[in-house]
Protein chains: 2
Amino acid sequence: MVSSNHENAKESPALPKRQRGKIVGFALRLKELGKDDPRKIIHSFKVGLALTLVSLFYYFKPLYEGFGLAAMWAILTVVVVFEFSVGATLGRGLNRMLATLTAGALGIGAHRLATLSGETGEPILVALFVFIIAGIVTFLRFIPQIKARYDYGMLIFILTFCLISVSGYRDEEVIEMGFERLSSIVLGSCASVVVCTFICPVWIGVDLHNQIATNIEKLGIFLEGFGDEYFKISEDGQPINKSSSLQRYKSVLTSGSKEESMANLARWEPCHGKFRFRHPWKEYLKVGNVTRQCAFKIESLNNYLTSEIQSPPEVRNIIKGECTVISSECGKALKELASVIRKMTESSAAELHITNSKAAAEKLKSVIRSSLCKHGDYLEIIQAGAVASLLFEVVKCTEEVADAAQKLASLAHFKNAKPRVTPEKQELPSQEAVKQVSGINGAHHVITINLSQSLPGSENSSPPGLAPRIELCTLG
Amino acid sequence: MVSSNHENAKESPALPKRQRGKIVGFALRLKELGKDDPRKIIHSFKVGLALTLVSLFYYFKPLYEGFGLAAMWAILTVVVVFEFSVGATLGRGLNRMLATLTAGALGIGAHRLATLSGETGEPILVALFVFIIAGIVTFLRFIPQIKARYDYGMLIFILTFCLISVSGYRDEEVIEMGFERLSSIVLGSCASVVVCTFICPVWIGVDLHNQIATNIEKLGIFLEGFGDEYFKISEDGQPINKSSSLQRYKSVLTSGSKEESMANLARWEPCHGKFRFRHPWKEYLKVGNVTRQCAFKIESLNNYLTSEIQSPPEVRNIIKGECTVISSECGKALKELASVIRKMTESSAAELHITNSKAAAEKLKSVIRSSLCKHGDYLEIIQAGAVASLLFEVVKCTEEVADAAQKLASLAHFKNAKPRVTPEKQELPSQEAVKQVSGINGAHHVITINLSQSLPGSENSSPPGLAPRIELCTLG
């Protein structure tokens, strides 16, 4: 026993050192986390502040007597409602308030109905109501559209209904209890929403907006670098192809579900900055989807950077010029589109780059036709051919991203954006009505006069001039 | 006014019809939802049952007097803890109970400390504690590892700490309140876990297991059909390439985040069926990831089914035979691997198919070398070349899926599975020690004698014979 203690004593200096190392590592990780996104630190302070504010209701006697135990609901509400972004907080707060209101009313009704059935029938009826309502609402939560936006409200609906109808069995002050619960939940939700919105707010809509732009940019960076990387030949004749700076696009492959939930939350947010209340968040998802399609193609291109079978330099050199141009022009176009989205200001630079890449693609086709097969081992040629063929696909997808971005630009009223009109309307333009003619794909005409009247099905395409008025309405 | 009423009356028969149509549509959607996964209906009944059970605590006077208002916590607990799968319910229940216990203890401590500082210092200290604890714990929730498994616990920690320390300021029965809250939460959690586990349980581990197998199978189905689809020539010489039966693989592209959250929840589940408590869920994620890599390649292949530039039939016919063999053999291998995972019984059939596909790939290479470039327009050849080149990649990825599946098989003790040994140990096999020599990729040797001793670093690779003992331990 003594000897083992002695051994422990010997080892003990090492053990705390290891533990100290762990603690230091943990602290460093926390520091890293805060550095990566300082908004997380601010958010933590905000939660502390909101909770301290609501706790004040316990410190002041008059309020305490007014609220009673229901004040606990206010604290509970702040803890569960306060989320990182304004959209999420508003969504949860509104869900919680509305669900409490409706379920409270229904619960009181159920309680009254149960009371009418006499002493013995009452508990049976209440149990039956709880069983039926909980079952039905739980099932409704599985409907995708409801799950996306009202899942939390459904949960609170079950909760409130059960609490009100069950506790009512014991206590006749059901209505009073319902009001107490509702008022404290409104108080807690409002405190959360106010602190979340007015102190360094995190708008999830802005995050989504930036993420979509960043994703397009990541693809652009890859494509700009791809040509040089693929055709770079090391001294011993073998390509050096293990650059990791281009691999940032990988995150785009799997960002779909995150974007979808962000768009769902963004829909709760009021107008802020350049974003109106009914900003076309769904369009961002469409842009995100075509971007992802493009990323899948880039993933295939990336495989050829590290593939074991590589075309020999003499084969690569045939297609080098045009491939590099296609890739870098598509890259520039995507980066330009990213900047258009980020700055919310339309420009036609992307269009130019796409035209360049298309011209280079045509050139590449004739190069392939005339001289590719004249060289070397056919098996080695195939790899270069596959790269060329993928680049043709990339040009096509870059165009699709541009189209989606242009549609977003017109629906979200970007600066200088050209609103979209239905194809039938394109026949009508007269000299004075058409203000801007060249669209990103050269096919969009704008009829300002027509648009300021209410066109059928054009509720989303009001001209830019109307936007400030709408914003003011939402603010009021 | 009268005329407008009259108009309304005229329109009224149409309005209810439209509404009736909407209601019927909604009902049909609900029916569809229940048909797709009847477990959702059962789950809804289970939630109703658990809530009704807990509500019983209100019906019996003695229990009501014992629990008081805290019984409300029990109902609340059931509503928020009861999830679709056992893993999720257990995870939330344990999180809630542990967080309530620790935060309750800390809250009581904080309250004592605040009391010592006198009348005026108390509210200030309590507010300070709430602010600091809420801030720190909120920040900790951002750490990915904590977020994945303990996010809900962290939330409840803040909640309980605030309720205990703040309400303690008004009411001196803090400890009693803490115990009441804890016991009612334990009761609610246990009721949820018992109903969720013992009435038609939904094991998320089983779902993950099946999903991984299904995903591999989907890729297999695509590859089996791809050869026929790509080389099918319609009467006018143009390929018919718009089959949608092969498109099921698309869901694999984006299933990553779902698999990850499923694996996190599965780790909470106790042993059930063929799954032990410490089943290697992380291995499923690895299999899922290589499957997804393979799906990206299949996405590229799929593009060639609908591509505008198509190689002419005479070019395709050169590579048709070998391409079809590669594709269908890889497809069979993947389907076999899916069945191995689904049935948890190792077989070497997949290995055979991979060998076949590799042989076909070698043949295809020599066909390309000898005769591909002799035909037609070089630009048209490139498309066929790209398909061939992608098929080489698919063979490689099928092997990777097989490797990952084999590792899973040995770690999860599939029937007939060959445990993995480290490469150094492969030098040692003697005639009597080696029981099975041929692994899925022909490189794994099994040394049964060595494995039954405790090898360094082999805590995950205990031989199949030990598995039942471990399961019993977990049960006890």
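In what follows, chains carry the letters A, B, and so on, assigned in the order in which the sequence lines appear, proteins first and then strands, with residues in each chain numbered from 1. Scope of the values below: all heavy atoms of this structure, side chains included, with no hydrogens, waters or symmetry mates.
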List the steps, then state whether side chain to side chain contact (heavy atoms under 4.5 Å, CB included) holds for Arg141(B) with Lys40(A).
CA-CA 10 Å; Arg141(B) 284 176 70 194; Lys40(A) 289 178 180 168; over 6 Å; no

Mind running side chain to side chain contact (heavy atoms under 4.5 Å, CB included) on Val80(A) and Val80(B) for me, showing each step along the way?
CA-CA 11 Å; Val80(A) 293; Val80(B) 294; over 6 Å; no

message: Phe142(A) vs His43(B), test: ring pair (Phe, Tyr, Trp, His ring centres under 6.0 Å). Steps then yes/no.
response: CA-CA 10 Å; Phe142(A) 285 115; His43(B) 169 72; 5.7 Å; yes

Next item on the list: Let me see the working for Glu299(A) and Gln293(B) under side chain to side chain contact (heavy atoms under 4.5 Å, CB included), right down to the final yes or no.
Entry: CA-CA 9 Å; Glu299(A) 168 78 6; Gln293(B) 289 303 320; 3.1 Å; yes

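The minimum heavy-atom distance linking Ser55(B) with Val130(A) is given by the pair OG-CG1, 4.4 Å. Of all heavy-atom pairs between Gly48(B) and Ala134(A), the closest is CA-CB, 3.9 Å. Summarising the geometry of Ser389(A) relative to Tyr304(B), their closest heavy-atom pair is OG-OH, 2.8 Å, with the distance given to 0.1 Å. What you find for Leu253(A) and Phe296(B) is that their closest heavy atoms are CD1-CE1, 3.7 Å.
Going from atom CG of Leu155(A) over to atom CZ of Phe82(B) covers 13.0 Å, rounded to the nearest 0.5 Å. In this structure, CG on Leu76(B) lies 4.5 Å from CG on Leu159(A), to the nearest 0.5 angstrom. Atom CG of residue Leu30(A) and atom CD1 of residue Ile136(B) lie 10.0 Å apart, to the nearest 0.5 angstrom. Atom CZ of Arg29(A) is separated from atom CD1 of Ile143(B) by 6.0 Å, given to the nearest 0.5 angstrom. Rounding to the nearest 0.5 angstrom, the gap separating the CG atom in Leu53(B) from the CZ atom in Phe131(A) is 10.0 Å.
Residue Lys363(A) places its NZ atom among 12 or fewer non-hydrogen atoms of other residues, nucleotides or ligands, all under 6.0 Å distant.
Here the rule is side chain to side chain contact (heavy atoms under 4.5 Å, CB included) with Thr138(B), and of Val47(A), Val79(A), Ile41(A) only Val47(A) fits it.
Inspection of the Ser300(B) and Ser300(A) side chains reveals an N or O donor paired with an N or O acceptor under 3.5 Å.
At a 4.5 Å heavy-atom cutoff, the contact between Gln145(B) and chain A is made by side-chain atoms alone. Neither the backbone nor the side chain of Ile133(A) comes within contact range of chain B; no heavy atom of the residue lies under 4.5 Å from a heavy atom of that chain. Using a 4.5 Å cut-off between heavy atoms, Phe84(A) contacts chain B through its side chain alone, with no backbone atom that close. Contact annotation for Phe26(B): only side-chain heavy atoms (C-beta onward) come within less than 4.5 Å of a heavy atom of chain A.
Leu51(A) is listed as a side-chain neighbour of Ile158(B), based on a closest heavy-atom distance under 4.5 Å.
Taking chain B as the reference chain and counting heavy-atom pairs below 4.5 Å, the highest number among Thr254(A), Leu33(A), Val78(A), Val387(A) is found for Leu33(A).
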